[in-house]
There are 2 protein chains.
Amino acid sequence: MNTGVPQRKSTQRDVIYQELMKMTSHPTAIELYEVVRKVLPKVSLGTVYRNLDQLVSNGTIVKMSNGTSVRYDADMSKHIHIRCIICDTVADVHEISGDPIDTSYSELSGFKVISCNVEFFGICPSCLAKSMDKDLSD
Amino acid sequence: MNTGVPQRKSTQRDVIYQELMKMTSHPTAIELYEVVRKVLPKVSLGTVYRNLDQLVSNGTIVKMSNGTSVRYDADMSKHIHIRCIICDTVADVHEISGDPIDTSYSELSGFKVISCNVEFFGICPSCLAKSMDKDLSD
DNA sequence: TCAATAATAATAACGATTACTATTATAATC
DNA sequence: GATTATAATAGTAATCGTTATTATTATTGA
């Protein structure tokens, strides 16, 4: 997942991030690629993927997936997502408080809620230990 | 995503579900396939995928993804997941209360938490309306 | 200006997932 | 129990999102 990332100025990365920030549709990499192409017609799809990964590793944007499509979001304000299992639309729910596993949040979005996944991302104890060993041997 | 699913008795599906229930490792489809093969050597990978989809649609199991690997979980008790961005391990956190977006949950798992995604799955207002139109025309 | 190297475009390769097709298993009806 | 309809399967081919590769370009620091 490209954790230790050298960063150098890049027009492509700037445009990718700027265009993502303008969008509220939680685009896939390919959808974003089509938008970025209007600004930078020669941009490569690989560049979009590489920079999105970097921005995710940075904590600048977030990535979400239901196992079918992977979508990106530049809105880092505290909110949850609700995804339609039929058309794959992702909507935001900003008004959160209490227990998100409680499906009463459906009322806020108009969705008929079927299930919920709460997933944290981080580094497990075993990998933490390994990275410490590595730091010491440097 | 195969919402309206005819269900007929199937040995393969029973074994797939039973083996998944025995596992706490949140296996991928292929990992589960290898396990199921020990019971049913002639089982096809497509059968594993098809039946996992049905079980997800049923609400019998859950599917989770970080955009890289898709993993399955037959434990339907209320809990959250925490995934290592390095080795891709997924651990369970059952002791939840309060606000899961608060990264203090990391203390329960020993993970160093980087980010969190809370995602509901359901049917959006637009698709709900379409399915109602369809019901009326039947 | 020059050297080192990160980032890129273009394209090839990969691999998880889905689609296809002939066959088999299930369940309902006779 | 035989017959029929069709869901489910095994085996395989095809698809497509993503990653890897490579030669070239752009950036940064000396």
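Every heavy atom of this structure was used, including side-chain atoms; hydrogens, water molecules and symmetry mates were not. This is a predicted model, so every value here is computed, not measured.
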A.B. asks: So if I take residues 11-32 of chain A and measure heavy-atom distances to DNA chain C, which residues fall below 4.0 Å?
C.D. replies: A:Gln12, A:Arg13
A.B. asks: Quick one: is A:Lys9 getting a side-chain N or O under 4.0 Å of the C:dA6 phosphate, OP1 or OP2?
C.D. replies: no
A.B. asks: Find the distance between CG (B:Asp75) and OG1 (B:Thr24) and round it off to the nearest 0.5 Å.
C.D. replies: 9.5 Å
A.B. asks: Would you kindly give the CG-to-C1' distance between B:Asp53 and D:dA7, to the nearest whole Å?
C.D. replies: 16 Å
A.B. asks: Starting at CZ of A:Arg8 and ending at P of C:dT5, how long is that distance when rounded to a whole Å?
C.D. replies: 10 Å
A.B. asks: CZ of A:Arg50 versus C1' of D:dT18: gap in Å, rounded?
C.D. replies: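 Rounded to the whole Å, the gap is 13 Å.
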A.B. asks: Mind checking side-chain contact (heavy atoms from CB on, under 4.5 Å) for A:Tyr17 and listing every partner two or more places apart, or none if nothing turns up?
C.D. replies: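 By the side-chain contact (heavy atoms from CB on, under 4.5 Å) rule, A:Tyr17 matches A:Met21, A:Leu55, A:Thr60, A:Ile61, A:Ala74.
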A.B. asks: Test B:Gln18 against B:Val39 for side chain to side chain contact (heavy atoms under 4.5 Å, CB included), laying out the working first.
C.D. replies: CA-CA 11 Å; B:Gln18 283 161 21; B:Val39 183; over 6 Å; no
A.B. asks: What does the list of N/O pairs under 3.5 Å between the protein and nucleotides 28-30 of chain C look like, with a distance for each?
C.D. replies:
none

A.B. asks: Can you tell me the distance, in whole Å, between the CG atom of A:Leu45 and the P atom of C:dA12?
C.D. replies: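 Whole-Å distance recorded here is 15 Å.
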A.B. asks: Find which nucleotide of DNA chain D each of B:Leu40 and B:Gly67 is nearest to by heavy atoms, and output the residue with the more 5' nucleotide.
C.D. replies: B:Leu40
A.B. asks: Determine: side-chain N/O of A:Tyr49 to OP1/OP2 of D:dT18, distance under 4.0 Å, yes or no.
C.D. replies: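 Yes, within the criterion.
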A.B. asks: At how many degrees, to 10°, do the end axes of the helix from C:dT1-D:dA30 to C:dC30-D:dG1 meet when each uses five pairs?
C.D. replies: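 Roughly 40°, once rounded to the nearest ten degrees.
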A.B. asks: Nearest whole Å is fine: how far is D:dT9 P from B:Asn51 CG?
C.D. replies: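 The answer, rounded to whole Å, is 5 Å.
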A.B. asks: Check whether any side-chain N or O of A:Thr47 sits under 4.0 Å from OP1 or OP2 of C:dT8, and answer yes or no.
C.D. replies: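 Result: no.
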A.B. asks: Is there side-chain contact between B:Tyr49 and B:Asp53, with heavy atoms separated by less than 4.5 Å?
C.D. replies: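 The answer is no, as the side chains (C-beta and beyond) never meet within the 4.5 Å cut-off.
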A.B. asks: Let me know the distance between CD of B:Gln54 and P of C:dT18, rounded to the nearest Å.
C.D. replies: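 Spelled out: CD on B:Gln54 to P on C:dT18 is 13 Å.
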A.B. asks: Under a 4.5 Å cut-off applied to non-hydrogen side-chain atoms, are A:Val90 and A:Asp73 in contact?
C.D. replies: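 They are not in side-chain contact.
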A.B. asks: Among C:dA9, D:dA10, D:dA8, which is the nearest nucleotide to the side chain of B:Gln7?
C.D. replies: D:dA8
A.B. asks: Does anything in residues 19-41 of chain B pair up under ring pair (Phe, Tyr, Trp, His ring centres under 6.0 Å), and if so which pairs, sequence neighbours excluded?
C.D. replies: B:His26-B:His81
A.B. asks: Quickly work out the A:Glu34 CD to D:dG17 P distance and round it to whole Å.
C.D. replies: 11 Å
A.B. asks: Roughly, in whole Å, what's the span from CG in B:Leu52 to P in D:dA8?
C.D. replies: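 It is 15 Å, rounded to the nearest whole Å.
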A.B. asks: Does OP1 or OP2 of C:dA6 have a side-chain N or O of A:Ser10 closer than 4.0 Å?
C.D. replies: no
A.B. asks: Scan residues 8-18 of chain A for pairs that pass salt bridge (Lys or Arg N to Asp or Glu O under 4.0 Å), counting only residues two or more places apart or in two chains.
C.D. replies: none
A.B. asks: Kindly give the heavy-atom pair with the smallest separation between A:Thr28 and A:Tyr72, and that separation in Å.
C.D. replies: C-CD1, 4.4 Å
A.B. asks: Suppose we screen for side-chain contact (heavy atoms from CB on, under 4.5 Å). Which residues come up paired with B:Met23, at least two apart in sequence or across chains?
C.D. replies: B:Ser25, B:Pro27, B:Leu32, B:Val35
A.B. asks: Show the nearest heavy-atom pair for residues A:Asp88 and A:Ser69, with the distance to one decimal.
C.D. replies: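 Answer, listing the atom of A:Asp88 first, then A:Ser69: OD2-OG, 2.6 Å.
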A.B. asks: Can you list everything that forms a salt bridge (charged side-chain N to carboxylate O under 4.0 Å, His left out) with A:Lys22? Sequence neighbours excluded, please.
C.D. replies: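 Here the qualifying residues are A:Glu19.
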A.B. asks: Give every pair of a protein N or O atom and an N or O atom of nucleotides 19-24 of chain C that lie under 3.5 Å apart, one pair per line with the distance.
C.D. replies:
none

A.B. asks: Who pairs with B:Glu31 by side-chain hydrogen bond (donor to acceptor under 3.5 Å, both in side chains), at least two apart in sequence or on another chain?
C.D. replies: B:Arg71
A.B. asks: Sequence neighbours excluded, which residues qualify as side-chain hydrogen bond (donor to acceptor under 3.5 Å, both in side chains) partners of B:Thr47?
C.D. replies: B:Arg50
A.B. asks: Looking only at non-hydrogen atoms, find the nearest pair between A:Ser65 and B:Gly67 and report the distance.
C.D. replies: CB-N, 3.6 Å
